[in-house]
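Remarks on the structure that follows.
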Number of protein chains: 2
Amino acid sequence: MTDTNDLMTIREMCDAFEVTPRTLRFYEAKELIFPKREGTRRLFTRRDRARLKLILRGKRFGISLENIRQLLDLYDHEGSGRSQYLRSYRLGQERLTEMESQRAELDEAIRDLREELAKGAGLFARYLDEMKDKSAA
Amino acid sequence: MTDTNDLMTIREMCDAFEVTPRTLRFYEAKELIFPKREGTRRLFTRRDRARLKLILRGKRFGISLENIRQLLDLYDHEGSGRSQYLRSYRLGQERLTEMESQRAELDEAIRDLREELAKGAGLFARYLDEMKDKSAA
DNA sequence: CGTTACATTTACGTTCACGTCAATTGCTCT
DNA sequence: AGAGCAATTGACGTGAACGTAAATGTAACG
């Protein structure tokens, strides 16, 4: 039903996600994604795209690929046993609290940075005043 | 006035920030911190501690040490010229918008993860019901 | 059917952020 | 003075996450 040309080539993937072919092959080798094959060529499915999106998101937060791999099992547990899923569920819970504390830290960092920039803006204002005085003289 | 034993040894620093001596020496080599010397030994100042705090915070968000080094100039521009400061000011602005968008992504990631965990909880509930049926049989 | 244009595999290279080990050096305690 | 213990420097090692080069395959085009 929702056909949208479900399969994408490696180049289409690279353009869509701004990664290199090497990266996609590397992720496949690490079992983070599982493209099908048309002969020797890779064909990436909707599932691969969903996983890749999560992978790149995780990377932005400094999560290692290995940890990301384990987290992916939470979102997408094709053919993984119940106990496997239970493990990844717990892991997901832990990761959630970590992310929440990271969010708190990020908020603090943003507040601090805003403050510093405000101070800096004050400095510039004074510099500009000095400049005006000079050009007026 | 605010004496609080301003200088700390490398061991005190390691204990306080949960890093290894190697890390502190590495950061010094990379010019992220500038401990004084008592003979050959390092003595870390209040300034070093402030910088180290920011360094570790930055690392949590996946910022590279080199980028962190440049950002530090914004918070602490000892003996750096005006144009240097202007550069780091702009850099700080850019970083702020990046952090804000990172925050948005993080919020989304947290929402998604919560949702997945909720789904998982539903699954477990059903499993538990099955277990109950079995033990009842 | 030859050449152009990608894709694949294999394997070695690279950068970052430290770890680890060895060889001093410098107190400090007895 | 000698023994012990922490700190320092220098050098090499390591794991993660790819980059890069070489050889090979294959699909399409004129």
Side-chain angles (χ1 to χ4, degrees), chain A residues 5-45 48-49 51-73 91 95 98 102 105, chain B residues 5-45 48-49 51-72 91 95 98 102:
Chain A
N5 236 356
D6 215 359
L7 300 172
M8 287 174 63
T9 74
I10 200 169
R11 186 107 301 279
E12 290 168 342
M13 288 291 283
C14 291
D15 293 350
F17 290 92
E18 301 198 80
V19 295
T20 70
R22 180 67 176 95
T23 298
L24 295 176
R25 297 189 192 110
F26 183 74
Y27 290 168
E28 184 187 9
K30 293 279 172 177
E31 300 186 74
L32 290 161
I33 51 182
F34 313 95
K36 313 265 177 197
R37 296 305 179 103
E38 173 191 63
T40 169
R41 289 181 173 169
R42 269 161 262 257
L43 288 178
F44 296 82
T45 69
D48 292 318
R49 290 193 289 281
R51 292 176 72 96
L52 183 54
K53 182 185 171 187
L54 291 172
I55 293 166
L56 298 178
R57 172 190 281 177
K59 284 198 55 183
R60 290 258 303 164
F61 307 142
I63 306 178
S64 77
L65 290 183
E66 174 54 23
N67 281 335
I68 289 173
R69 196 184 61 71
Q70 298 179 33
L71 275 174
L72 282 173
D73 294 347
L91 214 154
R95 186 52 78 170
E98 282 179 43
Q102 186 170 355
E105 266 191 82
Chain B
N5 236 356
D6 213 0
L7 300 172
M8 287 173 63
T9 75
I10 200 169
R11 188 106 299 279
E12 290 167 342
M13 288 293 282
C14 291
D15 294 348
F17 290 92
E18 301 197 78
V19 295
T20 70
R22 180 68 177 94
T23 299
L24 295 176
R25 296 189 193 111
F26 182 73
Y27 290 168
E28 183 187 9
K30 293 280 173 177
E31 300 186 73
L32 290 161
I33 51 181
F34 313 95
K36 313 268 177 193
R37 296 306 180 102
E38 173 193 63
T40 168
R41 290 180 172 168
R42 270 162 261 256
L43 288 177
F44 297 82
T45 68
D48 292 318
R49 291 193 288 281
R51 293 176 72 98
L52 182 55
K53 182 185 171 185
L54 291 172
I55 292 166
L56 298 178
R57 171 189 283 176
K59 284 198 56 185
R60 290 260 300 167
F61 307 141
I63 307 177
S64 77
L65 290 184
E66 175 53 24
N67 281 335
I68 291 173
R69 196 184 61 72
Q70 298 179 32
L71 275 174
L72 283 172
L91 214 155
R95 187 51 81 169
E98 282 179 42
Q102 186 170 357

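In what follows, chains carry the letters A, B, and so on, assigned in the order in which the sequence lines appear, proteins first and then strands, with residues in each chain numbered from 1.
The side-chain hydrogen bond (donor to acceptor under 3.5 Å, both in side chains) check on A:Thr45 picks up A:Asp48, with sequence neighbours excluded. For B:Arg11, the salt bridge (Lys or Arg N to Asp or Glu O under 4.0 Å) partners at least two apart in sequence or on another chain are B:Asp15. Listed by chain and residue number, B:Thr23 satisfy the side-chain hydrogen bond (donor to acceptor under 3.5 Å, both in side chains) test with B:Thr20 (two or more places apart in sequence, or in another chain). Among residues two or more places apart in sequence or in another chain, the side-chain hydrogen bond (donor to acceptor under 3.5 Å, both in side chains) test is passed with A:Gln102 by none. Among residues two or more places apart in sequence or in another chain, the side-chain hydrogen bond (donor to acceptor under 3.5 Å, both in side chains) test is passed with B:Glu28 by B:Arg37, B:Arg42. In this view, A:Glu18 satisfies the side-chain contact (heavy atoms from CB on, under 4.5 Å) rule with no residue, not counting sequence neighbours.
Note: B:Ile33 CD1 to B:Glu31 CD = 11.5 Å, rounded to the nearest 0.5 Å. In this structure, CD in A:Gln70 is found 8.0 Å from OG in A:Ser64, a value given to the nearest 0.5 Å. Atom OH of A:Tyr27 sits about 11.0 Å away from atom CE of A:Met13, to the nearest 0.5 Å.
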Task: side-chain contact (heavy atoms from CB on, under 4.5 Å) evaluation trace for A:Arg95 with A:Asn67 - done: CA-CA 10 Å; A:Arg95 186 52 78 170; A:Asn67 281 335; 3.5 Å; yes
- [ ] Evaluate side-chain contact (heavy atoms from CB on, under 4.5 Å) for A:Phe17 paired with A:Leu24, printing each intermediate quantity in order.
- [x] CA-CA 10 Å; A:Phe17 290 92; A:Leu24 295 176; over 6 Å; no
- [ ] Run the numbers on B:Leu71 and B:Ile68 for side-chain contact (heavy atoms from CB on, under 4.5 Å), then give the verdict.
- [x] CA-CA 5 Å; B:Leu71 275 174; B:Ile68 291 173; 5.5 Å; no
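A heavy atom closer than 4.0 Å to some atom of DNA chain D occurs in B:Ile10, B:Arg11, these being the qualifying members of residues 9-16 of chain B. Using a 4.0 Å cut-off on heavy atoms, the residues of residues 53-70 of chain A that approach DNA chain D are A:Lys59, A:Ser64, A:Leu65, listed by number. Near-neighbour residues of DNA chain D inside residues 17-33 of chain A, defined by a heavy atom below 4.0 Å, number-ordered: A:Thr20, A:Arg22, A:Thr23, A:Phe26, A:Tyr27.
B:Arg49 contributes a side-chain N or O that, together with a main-chain N or O of B:Asp6, makes up a donor-acceptor pair within less than 3.5 Å.
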What pairs of nitrogen or oxygen atoms, one from the protein and one from nucleotides 24-28 of chain C, lie under 3.5 Å apart?
none

Donor-acceptor pairs under 3.5 Å, side chain of residues 51-63 of chain B to any protein atom, not counting sequence neighbours: which ones?
residue	atom	partner	partner atom	Å
B:Arg51	NE	B:Leu32	O	2.8
B:Arg51	NH1	B:Asp76	OD2	2.6
B:Arg51	NH2	B:Leu32	O	3.4
B:Arg57	NH1	A:Asp112	OD2	3.0
B:Arg57	NH2	A:Glu108	OE2	3.2
B:Arg57	NH2	A:Asp112	OD2	3.2
B:Arg60	NE	A:Glu105	OE2	2.7
B:Arg60	NH2	A:Ser101	OG	3.4
B:Arg60	NH2	A:Glu105	OE2	2.9

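In terms of heavy-atom proximity, B:Pro21 sits nearest to B:Cys14 at N-SG, 3.4 Å.
Here the range on DNA chain D touched by chain A, meaning any atom under 4.0 Å from one of its heavy atoms, is D:dA17 to D:dA27.
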